[in-house]
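Treat the numbers as computed from the prediction; the structure is a model and nothing was measured. Lettering follows sequence order; numbering is per chain, from 1.
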There are 2 protein chains.
Amino acid sequence: MSKKERQQQLLHIIDGNPFVTDRELTRQLKVSIQTIRLDRLELGIPELRERMKQMAEHSYDQVRSLPPDEVVGDIVDLQLDRSGISIFEIREEHVFSRNGIARGHYVFAQANSLAVAVINDEIALTASADIRFVRMVRLGEKCIAKAQVRSLAGRNGKAEVDVFTYVGEELVFQGHFVVYRSAIEEYSEGGNRSADRH
Amino acid sequence: MSKKERQQQLLHIIDGNPFVTDRELTRQLKVSIQTIRLDRLELGIPELRERMKQMAEHSYDQVRSLPPDEVVGDIVDLQLDRSGISIFEIREEHVFSRNGIARGHYVFAQANSLAVAVINDEIALTASADIRFVRMVRLGEKCIAKAQVRSLAGRNGKAEVDVFTYVGEELVFQGHFVVYRSAIEEYSEGGNRSADRH
DNA sequence: CTACATATTAGTACCTGGTTCTAAAATGAT
DNA sequence: ATCATTTTAGAACCAGGTACTAATATGTAG
């Protein structure tokens with residue numbers, strides 16, 4: 001196996017499992033640990049601990065704002081029952097590889113997640129939505145979604161939330177969401193956010 | 001300051017900044033590093049590296065389950081410019097772990113993918129949509145989305161597509177999509193579909 | 001074949017941020 | 001004064017590296 005092949009392999013292994021140590025890599029690639037380390041050096045791959053640190057810091061930046069697993073996009077500001085702001089960067093996995101244009105459902109998912117998150121209720125479910133993709137979004141662009149609660153029917157009623165998503169100053173998406181609260185019997189889209197910031 | 005007070009302080013500091021080393025803690029709490037370590041031992045707080053590792057692993061579990069791949073749902077039948085059918089099974093990664101209810105944007109994504117796929121054009125972009133989540137979808141349910149093209153404006157015009165999604169006989173989602181064809185200047189949602197079932 | 005370059009391996013010293021253990025000193029309570 | 005608790009000190013050791021030097025392999029051109 002050539003050096004280049006091995007380095008490609010190495011990239012692939014670490015990509016597939018960032019928690020691998022150099023010692024484990026020697027076993028998988030059948031070269032000495034020094035070679036592994038030279039390879040990492042050439043490829044600019046930091047050591048295991050640094051990789052874990054970066055992942056931890058990255059997730060912490062997100063976690064400190066809100067529960068990331070339930071939500072697409074990072075919610076950076078949230079006034080329950082009032083308004084909220086979320087940021088979502090369009091990456092490789094969100095676009096059509098052919099032209100680098102974001103798939104609409106990611107843009108929708110960000111807005112939808114935010115609309116559900118901003119409603120202060122144990123269970124919030126999107127009942128319906130009226131949406132418009134104003135302009136296409138490209139790879140690398142940062143979508144900033146701003147939600148405003150327009151009306152709040154009492155408990156077990158429906159709330160209306162408007163979401164506008166911008167890239168810079170430009171409006172790229174707008175949506176009007178009707179969100180049911182505690183209406184478990186019907187309508188999809190659950191939501192457990194109940195202000196559980198970390 | 002009593003031992004208990006100090007340990008409360010220590011908890012608070014680490015909670016506020018999990019990336020703090022024992023050495024930094026000695027500075028803040030004005031006790032020796034051994035005391036810090038005894039405190040961590042008593043409180044069951046792991047060392048810095050272990051804390052970072054846990055955060056990294058936690059975020060990695062989430063990241064790997066978040067964005068699946070290209071088109072959502074398997075397109076099993078497609079008559080371009082006419083109709084199409086796609087099947088999508090709701091799995092673990094598509095639901096809120098708390099209650100097993102599908103996240104709305106996956107149901108939307110299936111319908112959206114299908115609406116875009118059914119339009120026979122190099123570039124198809126969702127311009128707007130009017131959608132309704134009729135009933136929630138649960139873990140394990142198979143969503144069958146059926147798309148019907150309602151109107152087809154000439155090239156560079158807009159097409160209208162209705163999508164109805166069923167679980168068994170039950171309607172769970174309906175959507176009316178306006179899809180632009182070759183209208184690259186405006187509107188989001190690209191379309192590389194050419195029946196690219198994964 | 002020789003000479004040279006590149007690639008690989010080996011080995012040592014050193015680093016951070018700890019753990020584990022032993023033991024001495026300080027502090028407090030009775 | 002005595003005893004228990006708390007705190008501090010110090011040394012040995014560990015993982016998973018970095019940084020550096022140096023020897024050995026391997027390939028390649030003349």
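- Atoms CD and CG, from B:Gln110 and B:Asn112 in turn, are 11.0 Å apart once rounded to the nearest 0.5 Å.
- With rounding to whole Å, B:Lys53 atom NZ is found 14 Å from D:dC14 atom C1'.
- Evaluation of the ring-ring contact (aromatic ring centres under 6.0 Å, His included) test over residues 7-31 of chain A, restricted to residues two or more places apart or in two chains, returns A:Phe19-B:Tyr60.
- D:dT6 atom P lies 10 Å from atom NZ of B:Lys4, rounded to whole Å.
- If you take CZ of B:Arg37 and C1' of D:dC13, they are 13 Å apart, rounded to a whole angstrom.
- Note: CG (A:Leu48) to C1' (D:dG17) measures 9 Å, nearest angstrom.
- Using a cutoff of 4.0 Å between basic side-chain nitrogens and carboxylate oxygens, B:Glu50 and B:Arg40 are not scored as salt-bridged.
- Below the 3.5 angstrom threshold, one finds a donor paired with an acceptor across the side chain of A:Arg49 and the base of D:dA15.
- With respect to A:Asp162, the salt bridge (charged side-chain N to carboxylate O under 4.0 Å, His left out) criterion is satisfied by exactly one of A:Lys146, A:Arg150, A:Arg132: A:Arg150.
- One atom, CE of A:Met52, and another, P of C:dG17, lie 13 Å apart when rounded to the nearest Å.
- Per the geometry, CD belonging to B:Glu47 stands 14 Å off C1' belonging to D:dC13, to the nearest Å.
- Side-chain proximity of A:Arg40 to the nucleotides D:dG17, C:dT8, C:dG18 is greatest for D:dG17.
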What does the list of N/O pairs under 3.5 Å between the protein and nucleotides 8-12 of chain D look like, with a distance for each?
from   : atom 1 : to      : atom 2 : distance (Å)
D:dT8  : OP2    : B:Ser32 : N      : 2.9
D:dT8  : OP2    : B:Ser32 : OG     : 3.2
D:dT8  : OP2    : B:Thr35 : OG1    : 2.4
D:dT8  : O5'    : B:Ser32 : OG     : 3.4
D:dA9  : N7     : B:Gln34 : NE2    : 3.4
D:dG10 : N7     : B:Gln34 : NE2    : 3.3

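- Distance A:Asp39 CG to C:dA7 P: 10 Å, rounded to the nearest Å.
- Using a 4.0 Å heavy-atom distance criterion, B:Arg51 is classed as making no nucleic acid contact.
- Ring orientation note: the planes of A:Phe173 and A:Phe108 are nearly perpendicular, at an angle over 60° on the 30°/60° scale.
- Regarding B:Glu50, its CD atom lies at a distance of 19 Å from the P atom of D:dC14, rounded to whole Å.
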Let me have a per-nucleotide readout for nucleotides 25-30 of chain C, 5' to 3', with B, S or -, counting only protein heavy atoms under 4.0 Å. ------

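- Looking at heavy-atom distances under 4.0 Å, B:Arg23 makes no contact with the nucleic acid at all.
- The two atoms that bring A:Ala111 and A:Val163 nearest to each other are CB-CG1, 3.7 Å, heavy atoms only.
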